[in-house]
Amino acid sequence: MTTKYEPEKVEQRARDYWDRERCFEVTEDPDKEKFYCLTMFPYPSGQLHMGHVRVFTINDVIARYQRMQGKHVLQPMGWDAFGMPAENAAIKHGVPPAEWTYKNIDYMREQLKRLGYAYDWSREVTTCRPEYYRWEQWLFTRLFKKGLVYRKNAIVNWDPVDQTVLANEQVIDGRGWRSDALVERREIPQWFMKITAYADELLDNLDNLDGWPDSVKTMQRNWIGRSEGIELSFIVEDEEEPLTVFTTRPDTLMGVTYMAVAAEHPLATKVAANNPDIAAFIEECKTSHAAEAMMETMEKKGLPLGISAIHPISGEAVPLWVANFVLMSYGTGAVMAVPGHDQRDWEFARKHDLPVTQVIRPADGSEIDISEAAYLEHGVLVNSGDLDGLDFTQAFDAIAQRFEADGSGRRTVNYRLRDWGISRQRYWGTPIPIIYCDDCDAVAVPEDQLPVVLPENVTVTGEGSPLKRMPEFYETTCPNCGKPARRETDTFDTFVESSWYFSRYACPDNDEVMLDAREAYWMPVDQYTGGIEHAILHLLYSRFFQKLLRDEGLSSADEPFTNLLTQGMVLKDGAKMSKAKGNTVDPQDLINKYGADTVRLFMMAAAPPEQSLEWSDDGVQGAYRFLKRFWYATDRHCAPGTVEDIAASTDAQLNLRRKTHQTIAKVSDDIGRRYKFNTAVAATMELLNAVTRFDDTSPAGRAVVQEALESIVLLLAPIVPHICHELWQQLGHDGSLLVAAWPATDEAALVQDMIEIVVQVNGKLRARISVAADADAEEVKKLALADLNVQRFIANKVIRKTILVPGRLVNVVV
RNA sequence: GCCCGGGUGGCGGAAUUGGUAGACGCUACGGACUUAAAAUCCGUUGAUUGAAAAAUCGUGCCGGUUCGAGUCCGGCCUCGGGCACCA
């Protein structure tokens, strides 16, 4: 008699067991080897989407596998609970963001539990709770006193109708997403964290992150963008202040034919005062988008300012332009243009009939035509007076010395990385703990007045932050002088919360200190898994925060994440699934229909973790069918009763045993080293197929099947834990599968007498031959040449050479 | 525009260090079982040629290195991610 596979019931029983036994709650145990296994925590958007299921399942598989390896595994879960969607929902439905968020969290927590993830729920962290964000407010005030946070003006997207600051994604074709008004660039004062102070360490430490993908490290290196160059000053006619520029190519200095400043540059502002054309141009630049991608792709425009700088070597006048592609926030807001040796300068010069001068020639003496394109390579200087003939390094040094001698320039290092602007003019975020006093300026909220609690019962309209309309929030007194003062109403960028939550999981209940001794036990995270879209910002900010925490004496770890796995996106219709695009797929339907194990299995079988995965409803059936086959195969095998331990003897029995141990070896490598869960699933499917085909109910045959099925249960336990929990007991085991050890490969079972060798002639496959596993090279070649089909292709030809790849192939070259 | 990835049958993917291209699964088709359907089981499934044995072509495009290239090199095309206020 067979029992039906009913995933709903099977999974309920497994979950009840794990809950009852508190299987996944861990405490610090110095005698055990810890393994901290973490995914990027989710934003509580309402329901889980396929991207969540993918990343959480990947991480759960690793956590459960490591546990079977005997590690003491911590896998926590929490909520990145502040953010824009809650405000958008509030505008749309009139529900306060807090209420909406907590409701979503409750629903999504149940979904996660239904999926059977091995989380230690006792450590749950929710970033919108004061007991969490108070500590980042506290850290902020410490950094403020240390000088690592400061205030300066920065450009934002301003919606003049809604009277509010817009995120880049809320600007659509230059217009506000709700008001449809033309968006303006506006400068407002904002708080910044000095990430640039750690630029070199963030860059250098990448070399030690062996457990990170090269692609992510490369992206971060390029993002930091360290470049060595010279900062030098040009005297501007009739101006007191010289114009300072940074260049990595001082060797091209004699090729400077014009200079350009940003629209926001003081020189441009000054000229605009008496020049309506320039004023209009600057005004036009104000309506452009704040995002760099937009700046880089828009048409390069500029106007001559009508004033000139003096070339510091030749003494010639160099015309000054204002241009929309020069960024005020990068470098000095001014550039020297060398159209002969910079492609963008070249194109701009062509368009505006500015002279193009060649000052570099190729070192190999080849001819170039500067009128066709800019020559970008390093070479030898020409048309540069006494610098002619120098190479790049010599010219760099000569020019650096010349400027350093008279104090008008210096060698310096420039970074593409900018300081991190953390102010947001939004309500649903951590209040920035600053008080503004007319006499004392900006004052940090004293420690004993923290946290600054965000009021949760508010109405959000979409026109500015509700905090600005709440005197009961912003009216306060100066902690310094006691006079009436005003609280900061801006909140933190939500990346602040996600930059240290992984440490807080170690001690989420501590209301005395930010981090305690438990942090030292668990940190750093051994395995961090998350989307590739976070390759730069979140991961770089988290690395930065780790260094801040270390330098505050709160942690001893230099880096937060030892090993990083970046999973690809789940795409729908070729695009990233996102709340904004509304192309999400709700996995709940699939869970209801097939159970969590089927969904987990399908996600793992469909693609390797690092690749993006185009979502399709097909294929889930296959995963479900496999689990049913697995269930019935075990059921059928167990029905006759106890299995005796009898050694395999027939060829078929030995073959199945070999397949079993080949599979153990393969899956161990796939999960433990390669993180290729799709091929691990395929291998166990092959093994089950072999079990199903194996037709031998003799005592020895049943013993071999018992071993094969037990192996499948153990190998699949991390991926489909519920069904394995039940089948493990059915196979006669009393204890929990969770404490079972990962299976070991029996090398003796892998031994084969005969192996297959491929025979090629001139690299083309012509035959497969069977040879003794211990046959020597000559014997294999002899057998290869003796094959009839091989003979057809080498007949009447001279064998020039024979290549033998031991155990694999022979290639006969004729 | 710049940086980082990807492109293999009808589809998702496999091929781990330059050595059998298409494992495993899905779909489709054929068959078994059934009064019937569902479920399940068995078989076929890159293209072309062939009765078969087998042969030729084939991993986005063009070229190169090699006895041998999906894999390495050069140049393109195309799709995806990131570009600092989506998370």
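Chain letters run A, B, ... following the sequence lines, proteins first, then strands; residues in each count from 1.
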Is it the case that the ring center of Phe325(A) lies less than 6.0 angstrom away from the ring center of Phe348(A)?
yes

For Gly225(A), report the nucleic acid contact type (base, sugar-phosphate, nothing); a contact means any heavy atom under 4.0 Å.
nothing

Looking at Lys764(A) and U56(B), is any side-chain donor or acceptor paired with a base atom of the opposite kind under 3.5 Å?
no

Rounded to whole angstrom, note down the P distance from G7(B) over to C61(B).
13 Å

With a 4.0 Å cut-off on heavy atoms, is Arg766(A) in touch with a base, just the backbone sugar-phosphate, or nothing at all?
sugar-phosphate

Side-chain-base donor-acceptor pair under 3.5 Å for Arg800(A) and C67(B)
no

By nearest atom, which of the nucleotides A84(B), C86(B), G82(B) is closest to the Tyr541(A) side chain?
A84(B)

So what does Phe602(A) touch, heavy atoms closer than 4.0 Å: a base, only the sugar-phosphate, or nothing?
nothing

Which nucleotide in G19(B), A39(B), G81(B) has an atom nearest any side-chain atom of Met219(A):
G81(B)

Would you classify Gln760(A) as touching base, sugar-phosphate or nothing, given that sugar-phosphate means primed atoms plus P, OP1 and OP2, and contacts are heavy atoms under 4.0 Å?
base

Nearest-neighbour nucleotide for the Lys666(A) side chain, G82(B), U16(B), U27(B) considered:
U16(B)

Do the side-chain N or O atoms of Thr679(A) get closer than 4.0 angstrom to the phosphate oxygens (OP1, OP2) of A14(B)?
no

Which nucleotide in the list C24(B), A84(B), C85(B) gets nearest to the side chain of Glu292(A)?
A84(B)

Interatomic distance at C1', A84(B) relative to C79(B), whole Å
25 Å

What's Gln567(A) touching, base or sugar-phosphate or nothing? Going by heavy atoms closer than 4.0 Å.
nothing

Is any side-chain nitrogen or oxygen of Arg424(A) closer than 4.0 Å to OP1 or OP2 of C85(B)?
yes

Over all strands shown, is Val156(A) touching base, sugar-phosphate only, or nothing at heavy-atom distances under 4.0 angstrom?
base

Arg674(A) side chain near A15(B) phosphate (N/O to OP1/OP2, under 4.0 Å):
yes

When you check the glycosidic angle of G43(B), does it come out syn, meaning within 90° of 0, or anti?
anti

Between Tyr528(A) and Trp212(A), does the ring centre distance come in under 6.0 Å?
no

Checking all strands, does Val165(A) fall into the base, sugar-phosphate, or nothing category for heavy-atom contacts under 4.0 angstrom?
base

Between the base of C3(B) and the side chain of Asn222(A), is there any donor-acceptor pair under 3.5 Å?
no

Look at Asn689(A) and C24(B) and indicate whether a side-chain polar atom (N or O) is within less than 4.0 Å of OP1 or OP2.
no

Rounding to an integer number of angstrom, what distance separates C86(B) and C76(B) when you compare their P atoms?
33 Å

Please determine if a side-chain N or O atom of Lys628(A) lies less than 4.0 Å away from the OP1 or OP2 oxygen of U40(B).
yes

Under 3.5 Å, is there any donor-acceptor pair linking the side chain of Arg673(A) to the base of U16(B)?
yes

May I ask you to say what Trp223(A) touches in the nucleic acid, namely base, sugar-phosphate or nothing, with a heavy-atom cut-off under 4.0 Å?
base

Considering just the side-chain nitrogens and oxygens of Arg416(A), establish if one lies under 4.0 Å of OP1 or OP2 belonging to C2(B).
no

When you measure from the side chain of Pro608(A), which nucleotide among A14(B), C83(B), G19(B) comes out closest?
A14(B)

Which part of the nucleic acid does Glu756(A) contact within heavy-atom distance under 4.0 Å: base, sugar-phosphate only, or nothing?
base

When you check the phosphate oxygens OP1 and OP2 of A14(B), does a side-chain N or O of Gln611(A) lie under 4.0 Å from one of them?
yes

Using a 4.0 Å heavy-atom cut-off, does Ala606(A) contact any base of the nucleic acid, only the sugar-phosphate backbone, or nothing at all?
sugar-phosphate

Could you work out which one of A87(B), C26(B), U16(B) sits closest to the side chain of Asp669(A)?
U16(B)

Among A87(B), G12(B), G81(B), find the nucleotide with the atom closest to the side chain of Thr494(A).
A87(B)

Residue-phosphate contact under 4.0 Å: Arg625(A) side-chain N/O, A38(B) OP1/OP2
no

Could you work out which one of G1(B), A54(B), U27(B) sits closest to the side chain of Arg792(A)?
A54(B)

Where the side chain of Arg808(A) is defined as all heavy atoms beyond and including C-beta, which of U27(B), C24(B), U20(B) is the nearest nucleotide?
U20(B)

Indicate, with yes or no, if the rings of Phe492(A) and Tyr133(A) have centres closer together than 6.0 Å.
no

Could you work out which one of A84(B), G5(B), A23(B) sits closest to the side chain of Ser215(A)?
G5(B)

Phosphate oxygens OP1/OP2 of G19(B): is one of them under 4.0 Å from a side-chain N or O of Asn811(A)?
no

